[in-house]
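Structure first, commentary second.
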2 protein chains.
Amino acid sequence: MSVEPEPEPEPDQDVDAHVRRLWRHRGTTVPTPRRGPRQQLDLDEILQTGIAIADAEGLAAVSTRAIAARFGKSGMVIYPYVGSKENLLALMQDHACAMPQWDDPDTSLADALQAWALALFEVYLAHPWLTERPWSHASQGPNEQDWLERLLRILDHWKVPPSARPVAVTMLYATVRATAETAASYQRMDRQGIAQWRDRAHATVRHIPDLPERYPLSTGLEPLTPQWQDNPRAALTGSMRLLAAGLRGAG
Amino acid sequence: MSVEPEPEPEPDQDVDAHVRRLWRHRGTTVPTPRRGPRQQLDLDEILQTGIAIADAEGLAAVSTRAIAARFGKSGMVIYPYVGSKENLLALMQDHACAMPQWDDPDTSLADALQAWALALFEVYLAHPWLTERPWSHASQGPNEQDWLERLLRILDHWKVPPSARPVAVTMLYATVRATAETAASYQRMDRQGIAQWRDRAHATVRHIPDLPERYPLSTGLEPLTPQWQDNPRAALTGSMRLLAAGLRGAG
DNA sequence: GAAAACACTATGCACTGCATGGAGTAAAAA
DNA sequence: TTTTTACTCCATGCAGTGCATAGTGTTTTC
């Protein structure tokens, strides 16, 4: 009956706090003009712990309780620092995305794109769970924005026509992510063993004996490209060359 | 002490059963030379139900109990039909991937690639959760293999040099998936409301007032490309043109 | 000094995949 | 035909999840 006279505390309070946490190393202050007891944990340490867990055991192993346990605390401690699980993952994502330093090659567009793509590739290889996170043109955090800005600067410098840029951006990110994903899965194979993969292939051929005739091109593809798992970086640079060639051709 | 004299029932029994389920419409029989009571459910109906749930509520909402509830049964019923949750998702993935019919345009490589990419794009748009599933060159099931074979046939017909094919395949799949992912997220925005997205952007600018100076290129990008959310198909065809141009250039 | 705002803990709820054991059924083996 | 065996389906239970809630104690502000 009697409605609580809540002062409607700005509907985007959570969003605001999250943005301030995202940009905490770029000029904002984390939302704690605090009145209660001192915080015993640190946001960056929490994120590093979460990233370490994700690197070692996968994104699914990241839970509030698992992180808090490494500090000897209860699972609910995490929430004052991050707000929600989804926010925690977004913060981890940006934290793991810090852009390294390198000089843009000024030899060719292809070389500049290769340098950018390889740098991003290394980040994704170091944190394979990043491929499980959504990606969008819209900025999530400062580190992701750094990557996008850097890429656009390259395209601008080499006078790629503006109409072709969004397409190029999409293809670049998509290719790096896909290449890193397969490279990471090959890397994981060494641990678990390739046996299961071969088992499935053999079982398929056993049940569908005429598989090579049904799929003459795709069944013959894999043994022909051992450089795939050997050197995914070569595949990536090949992609960049292809894309640069397309950009030079299309006006 | 006394070890059971189990006859070691072939270690890859699960793998074998899974493969037979994957190819059940292509010549294999589902692994039930059955002795017990009749099965009351049907594998294809189970997969359709799972796909319907994933389409409507996301992949996370797919659970054995949720599917079984739609048949008025307990959650454990699902396991005799699919083996495990991961197998269930793999079967759903291939089931949702059925390749439609279309004629390869013989006008140009770009047109043929566009037709392939658009067809795959529509499948991904109809089932956006497919982007959350892993993808690899290696065959998972018959429908996925159909797509790969079709693409390789196009590349073969237009005499794309074999050395460039793996790279092209990767870029094509990656681009279609990425484009579909952003298109699907824009589509979902209409329901939930774009408000939250704008809120975050505004909050960022409020806390980082000099954001446009820090990121002159990337902050100016979004309003310049409204065709992105309006017409992602145009973006996709643009990508295909770019890639075809690159393939023509690189020998 | 009083009071509000905070960090942290404990508990509980609804949910997950799936191991387990049991009941009943149909086909194969005797 | 009888017995055995393999099967489906159900109920329960376990360990795990995110997080709402309530309570306790600490710190800052009025």
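No experiment lies behind these values; they were computed from the predicted model shown. Chain naming here is simple, since letters A, B, ... match the order of the sequence lines and numbering starts at 1 in each.
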Figure out the [atom1]/[atom2] separation between [X] and [N], and round it to whole Å.
X	N	atom1	atom2	result
A/Q39	C/dA7	CD	P	5 Å
A/L43	C/dA7	CG	C1'	15 Å
A/I53	D/dG16	CD1	P	14 Å
A/L41	C/dC6	CG	C1'	15 Å
A/Q40	D/dG25	CD	P	15 Å
B/L59	C/dC15	CG	P	18 Å
B/F71	D/dC9	CZ	C1'	14 Å
A/Y79	C/dT11	OH	P	18 Å

D/dG18 base / A/R65 side chain donor-acceptor hit below 3.5 Å: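 Side chain to base: pair present.
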Within less than 4.0 Å of OP1 or OP2 of [N], is there a side-chain N or O belonging to [X]?
X	N	result
A/S74	C/dC8	no
A/T64	D/dG18	yes
A/K85	D/dG18	yes

Nearest to side-chain heavy atoms of [X], which nucleotide of [options]:
X	options	result
A/R35	D/dC9, D/dT29, D/dG13	D/dT29
B/P37	D/dA20, D/dG18, D/dT8	D/dT8
B/M76	D/dT8, C/dT11, D/dA11	D/dA11

Residue pair B/D42 / B/Y81, side-chain donor-acceptor N/O under 3.5 Å: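 Absent: no donor and acceptor within the cut-off.
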Sugar-phosphate, base or nothing in reach of B/Y81, heavy atoms under 4.0 Å: sugar-phosphate
Ion pair A/R133/A/E86, N-O distance below 4.0 Å: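 Salt bridge: yes.
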Parallel, tilted or perpendicular: rings of A/Y173 and A/W116 (30°, 60°):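 Rings of A/W116 and A/Y173: perpendicular, as their planes differ by over 60°.
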Along DNA chain C (nearest heavy atom to each residue), the more 5'-positioned of B/G83 and A/G72: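 On the 5' side of the pair lies A/G72.
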Criterion side chain to side chain donor-acceptor pair (under 3.5 Å) against A/Q93, the qualifying member of A/H127, A/E144, A/E132, A/Q140: A/E144
Backbone of A/R21 reached by a side-chain donor or acceptor of A/R24 within 3.5 Å: yes
